[in-house]
Peer 1: 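One structure, pasted below without further comment.
Lettering of chains follows the sequences in order, A, B, ..., and the numbering in each one begins at 1.
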Protein chains: 2
Amino acid sequence: MPRISESTVRRLSHYYRALAEVEAEGGDVISSQRLAEREGTTPAQVRKDLSHFGSFGRRGLGYNVAHLRREIRRILGLDRRWRVAVVGAGHIGAALLGYRGFSAQGFDVVAVFDNDPQRIGQVLGAVQVRDVAELRAAAAAEAFDIGVVATPPPTAQAVADLLVSVGVSAILNFAPRKLFIPARVALRNVDLTMALENLSFALTPARGSRRRRAQD
Amino acid sequence: MPRISESTVRRLSHYYRALAEVEAEGGDVISSQRLAEREGTTPAQVRKDLSHFGSFGRRGLGYNVAHLRREIRRILGLDRRWRVAVVGAGHIGAALLGYRGFSAQGFDVVAVFDNDPQRIGQVLGAVQVRDVAELRAAAAAEAFDIGVVATPPPTAQAVADLLVSVGVSAILNFAPRKLFIPARVALRNVDLTMALENLSFALTPARGSRRRRAQD
DNA sequence: TAGATTGTTAATCGATTAACAATC
DNA sequence: TAGATTGTTAATCGATTAACAATC
């Protein structure tokens, strides 16, 4: 019932990874202390994050690795598969199709669309690129859960509108552009431009030229 | 002097984009109100963010579009170029090399390394893939500012260590793995797996099976 | 001048951290 | 039992929002 922050969900992903590793290493039980160390956070934070969803540990002992991993898997919804349609068959679209982690995570790319005649008909991964004009009909027949926007910025909003109108439940946006969509549709952005600009900021020492001087 | 939050920097990127568009549309002056609307935030937030760096507007009038854009450009450090070395010439590495936004943002990919003999020698974009064993010598000669980790997770930490040891100032990490590096080296992560898991969480309604029931 | 809008201070909100009783 | 570690409540911290005097 309490709203879960995006930071908490991000950390759950981290814990999930760490637990998979620990399990592979043959670890049986882990404390919030050790789990925190592995992912660069604090024990209190680990316990607080988990407490939003239930009690998964045993006082005095810690957490059963396999059990906690299954629970987080369920919490994150990774115990089912999602049908994904990608719009845009450029560099990013192609990289996504070649990315094995995608399907390992339960995401099946079942369709790719583009509007460039040169790209339509090409085969990426296991699917053939179709004309975006066919997207509406395809959606009716194939029930996409998630739409991926991998087009240039100027067309991103129109593509998002189209995906919303055919009923996707979520959009993953790779275009460096703010998308406006109804609150009922989940939206996450993977923005390389923003990461670069963040990095550039971190690398730039001489900011705040307008700051007051020492004697002020 | 006050520490600037990553959220603030992210929003500066958004404002920068919006200003570029407004300028292209011929807009001369813009209020915090209109700027906020375009990027889905609030006028107070816009003014607060900018106030960390100086006073760029005029009371009663708003902000001069071209001027504010230049100022944010300077704040973000986008008025210079960075020398980037990419390690890992797989799907992601290839997508980066094909990504025009990279160089448009001031980031020049001057070298690509891999350890796969099949990939060494291939030409990606304008550069030839070199053996990662040559990275140390190349760094001495070519002075990389930024290292990009685009390898599979198991080698990501070792690659990061190598990049730190040859003196890069920042690392951009695409591997779904927490990297531990010295505080003096800036780190940003672009994590597709995390975005997917976040989306999966948002799509999953039946969480918190361990939550107390109504009568408790 | 009157209306508009900034820059900044104060109030609110939410997330992180600390502390500790419960209990294995 | 004694030591360890959870789950949860309280304290702290930081970021967002609201309010308003300054001023174009």
Side-chain angles (χ1 to χ4, degrees), chain A residues 1-15 19 22 27-65 67-69 71-72 75 198 201 208-212 216, chain B residues 1-15 19 22 27-65 67-69 71-72 75 198 201 208-212 216:
Chain A
M1 213 65 126
R3 230 194 117 276
I4 306 298
S5 76
E6 208 173 312
S7 312
T8 293
V9 180
R10 237 196 326 272
R11 284 190 300 265
L12 286 180
S13 286
H14 277 126
Y15 307 152
L19 289 166
V22 172
D28 208 31
V29 165
I30 193 168
S31 64
S32 57
Q33 173 70 52
R34 284 220 301 127
L35 192 48
E37 276 165 15
R38 275 190 99 106
E39 294 299 329
T41 180
T42 66
Q45 184 78 80
V46 169
R47 299 201 298 277
K48 183 61 152 175
D49 286 337
L50 295 175
S51 76
H52 290 118
F53 304 99
S55 319
F56 307 112
R58 284 214 266 170
R59 293 170 197 235
L61 299 177
Y63 302 88
N64 176 289
V65 173
H67 172 67
L68 182 56
R69 179 156 178 265
E71 289 288 355
I72 296 181
I75 291 165
N198 237 291
F201 177 84
S209 62
R210 304 301 177 85
R211 202 72 42 65
R212 44 182 148 346
D216 290 356
Chain B
M1 212 65 122
R3 230 195 117 275
I4 305 300
S5 75
E6 208 173 311
S7 312
T8 294
V9 180
R10 236 196 328 271
R11 285 190 299 265
L12 286 180
S13 287
H14 277 126
Y15 306 152
L19 290 166
V22 172
D28 207 32
V29 165
I30 193 168
S31 64
S32 57
Q33 173 69 51
R34 284 219 304 129
L35 192 48
E37 277 165 15
R38 274 189 100 107
E39 293 300 326
T41 181
T42 65
Q45 185 77 81
V46 169
R47 297 201 300 276
K48 183 62 151 174
D49 286 336
L50 294 175
S51 76
H52 291 117
F53 304 97
S55 319
F56 307 112
R58 286 215 263 170
R59 294 172 195 233
L61 299 177
Y63 301 88
N64 177 289
V65 173
H67 173 66
L68 182 57
R69 179 157 178 263
E71 290 288 354
I72 295 182
I75 292 165
N198 236 291
F201 177 84
S209 61
R210 304 301 177 83
R211 205 68 48 63
R212 44 184 150 344
D216 291 354

Peer 1: Specify the closest pair of heavy atoms between A36(B) and P43(B), including all atoms of both residues, with the distance to one decimal.
Peer 2: CB-N, 3.5 Å

Peer 1: Apply the test side-chain contact (heavy atoms from CB on, under 4.5 Å) to residues I4(A) and D49(A): give CA-CA distance (whole Å), side-chain angles for both, the deciding distance (0.1 Å), then the verdict.
Peer 2: CA-CA 9 Å; I4(A) 306 298; D49(A) 286 337; over 6 Å; no

Peer 1: Can you find a pair of side-chain heavy atoms, one from V9(A) and one from I75(A), that are under 4.5 Å apart?
Peer 2: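 Answer no - side chains too far apart.
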
Peer 1: Kindly point out which of dT8(C), dA10(D), dG7(C) is positioned nearest to the side chain of K48(A)?
Peer 2: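 Per side-chain heavy atoms of K48(A), the pick is dA10(D).
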
Peer 1: What is the pairing partner of dA21(C), taking Watson-Crick or G-U wobble pairs with both distances under 3.5 Å in any strand?
Peer 2: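 Paired with dT6(D).
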
Peer 1: Between H52(A) (NE2) and dT6(D) (P), how many Å, whole number?
Peer 2: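 Going from NE2 in H52(A) over to P in dT6(D) covers 17 Å.
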
Peer 1: Would you mind classifying the nucleic acid contact of S7(B) as base, sugar-phosphate or nothing, using non-hydrogen atoms under 4.0 angstrom?
Peer 2: sugar-phosphate

Peer 1: Is it the case that dG7(C) (base atoms only) and R47(B) (side chain only) share a donor and an acceptor within less than 3.5 Å, ignoring hydrogens and angles?
Peer 2: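 Yes.
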
Peer 1: Are R47(A) and Y63(A) side-chain neighbours, meaning at least one heavy-atom pair lies under 4.5 Å?
Peer 2: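 Contact flag for R47(A)/Y63(A) side chains = yes.
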
Peer 1: Looking only at side-chain N and O atoms, does R58(A) come under 4.0 Å of OP1 or OP2 in dA4(D)?
Peer 2: no

Peer 1: Rounded to whole angstrom units, what separation is found between the CG atom of L50(A) and the C1' atom of dT16(C)?
Peer 2: 15 Å

Peer 1: If you find the nucleotide of DNA chain C closest to G62(B) and the one closest to L61(A), which residue's nucleotide is nearer the 5' end?
Peer 2: G62(B)

Peer 1: Please pick, from dC24(D), dT6(D), dG7(C), the nucleotide with the shortest atom-to-atom distance to any side-chain atom of S55(B).
Peer 2: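 Comparing dC24(D), dT6(D), dG7(C) against the side chain of S55(B), the answer is dG7(C).
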
Peer 1: Without decimals, in angstroms, what is the distance between N64(A) CG and dT5(D) P?
Peer 2: 15 Å

Peer 1: Under a 3.5 Å cut-off for both contacts, is dA15(C) paired Watson-Crick or G-U wobble with anything, and if yes, with which nucleotide?
Peer 2: dT12(D)

Peer 1: L68(A) and Y15(A): side-chain contact (heavy atoms from CB on, under 4.5 Å), yes or no, with the steps?
Peer 2: CA-CA 9 Å; L68(A) 182 56; Y15(A) 307 152; over 6 Å; no

Peer 1: What about R59(A): does its side chain form a donor-acceptor pair under 3.5 Å with the base of dT5(D)?
Peer 2: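 Check fails, no donor-acceptor contact within cut-off.
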
Peer 1: Without decimals, in angstroms, what is the distance between D49(A) CG and dT8(D) C1'?
Peer 2: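 Going from D49(A) (CG) to dT8(D) (C1'), I get 14 Å.
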
Peer 1: Rounded to the nearest Å, what distance is computed from the CD atom of residue Q45(A) to the C1' atom of nucleotide dC13(D)?
Peer 2: 13 Å

Peer 1: Looking at every non-hydrogen atom in both residues, tell me the closest pair between R11(B) and T41(B) and how far apart they are.
Peer 2: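 Distance-wise, the nearest heavy atoms are CD-OG1, 4.3 Å.
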
Peer 1: Quick one: which of dT17(C), dG7(C), dA15(D) gets closest to the side chain of R3(B)?
Peer 2: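 It is dA15(D).
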
Peer 1: Show your working on side-chain contact (heavy atoms from CB on, under 4.5 Å) between L12(A) and F53(A) and close with a plain yes or no.
Peer 2: CA-CA 11 Å; L12(A) 286 180; F53(A) 304 99; 3.6 Å; yes

Peer 1: Find the distance L68(A):CG to dT6(D):P and express it as a whole number of Å.
Peer 2: 11 Å

Peer 1: For residues 30-41 of chain B, which residues have at least one heavy atom under 4.0 Å from DNA chain C?
Peer 2: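 The answer is S31(B), S32(B).
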
Peer 1: Between Y63(B) and dA4(C), is there a side-chain N or O to OP1/OP2 distance below 4.0 Å?
Peer 2: no

